[in-house]
Amino acid sequence: MARIRADQREAHEQARRTQILEAALRIWVREGYHRAPVEAIAREAGVAKGTIYLYFPTKEAVLQAAIERFSLLPALEELVAKLHEIPPERAVPALVETLWHRLRDRGPLIATLLGGGMLLPENGRVFLERVVIPGNQLLAEYLDRCVARGALRPLDTFVAARALVGCLVMFLISQSVLGGDALRPISDAAVIETVTELFLRGALPRE
């Protein structure tokens, strides 16, 4: 096997980690988290079982890395930075639209987590500590600035941020994970517009 130059090693390792995580997600979606051993992940990724353990000590570590890799946090960080001083009447629709489409893209991962992988307390804690709470805090800081300049009424911004994102997550679960799309289709535009309207009506200053 050809040796990898030192300046290429980091990129190679990152690519291999991504290869394993994407393979794990595919196999978990098809077979379920608990029913798919590490050997199945290795076969799906086209690598030896030992290669998995070079990057992840356990299957649970693969799950935890997948949670971080496919989370909404990077998109939320980028979006909140762009919306720094934009009024909430313009910022919230953009925020809701971006988050909803990103959530839709991650539907298979969420289905996998709900299917059993996230039921372990340690995995749930990782998800809260590394994804939910940091993302919640980012959005709350933007809302804090809006409250400070009178663009939003005084409210608990941490709770408001959790409510906004949580509403979208529940829509995703009911429509994409539990089968609501087949029983009662709802357009993306309707979800985005309605969630935005409800949030702003509750958060904008009262006349």
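All values below come from the heavy atoms of this structure, side chains included, with hydrogens, waters and symmetry mates left out. Here the structure is a predicted model, which means the values were calculated and not measured.
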Salt bridge (Lys or Arg N to Asp or Glu O under 4.0 Å) evaluation trace for E197 with R201
CA-CA 6 Å; E197 180 72 9; R201 280 184 178 272; 2.6 Å; yes
CA sep, side-chain torsions, deciding dist, call: K49, I41, side chain to side chain contact (heavy atoms under 4.5 Å, CB included):
CA-CA 8 Å; K49 178 181 175 181; I41 298 174; over 6 Å; no
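Here A161 pairs with N136, L139, A140, L143 under the side chain to side chain contact (heavy atoms under 4.5 Å, CB included) rule; sequence neighbours left out. For E22, there are no side chain to side chain donor-acceptor pair (under 3.5 Å) partners, not counting sequence neighbours.
Taking every heavy atom of both residues into account, E89 and L200 meet most closely at CA-CD1, 4.2 Å. Here the closest heavy-atom approach between residue T51 and residue I20 is recorded as O-CD1, 4.4 Å. The minimum heavy-atom distance between I186 and A190, with the atom names listed, is CG2-CB, 4.0 Å. When every heavy atom of W100 is checked against every heavy atom of L172, the shortest pair comes out as CZ3-N, 3.6 Å. The heavy-atom pair separating W28 from A66 by the smallest distance is CZ3-CB, 4.4 Å. The two residues F56 and A61 make their nearest non-hydrogen contact at CD2-O, 3.9 Å.
A 4.5 Å side-chain heavy-atom check between Y142 and P88 finds at least one atom pair inside the cut-off. Between D188 and H101 the shortest side-chain heavy-atom distance falls below 4.5 Å. Inter-residue side-chain proximity for V62 and T58 is flagged as unmet; no heavy-atom pair is nearer than 4.5 Å. Side-chain contact between T157 and L155: present, with at least one pair of heavy atoms (C-beta onward) separated by less than 4.5 Å. At least one side-chain heavy atom of Y53 sits under 4.5 Å from a side-chain heavy atom of V38.
Remark: the R16 side chain and the Q19 side chain contain an N/O donor-acceptor pair separated by less than 3.5 Å.
Checking side-chain atoms of R26 against main-chain N and O of L21 turns up no donor-acceptor pair under 3.5 Å.
Within the structure, side chain to side chain donor-acceptor pair (under 3.5 Å) contacts touching residues 163-175 (residues at least two apart or in different chains) are Q175-D181.
Ionic pairing of R145 and E141 is not present here: no N-O contact between side-chain nitrogen and carboxylate oxygen is shorter than 4.0 angstrom.
For the side chain to side chain contact (heavy atoms under 4.5 Å, CB included) with T196, the qualifying choice from V191, L95, V92, L164 is V92, the only one to do so.
Placement of L99 and M170 within a single hydrophobic cluster is found when ILVMFWY residues are connected by side-chain heavy-atom separations under 4.5 Å, directly or transitively.
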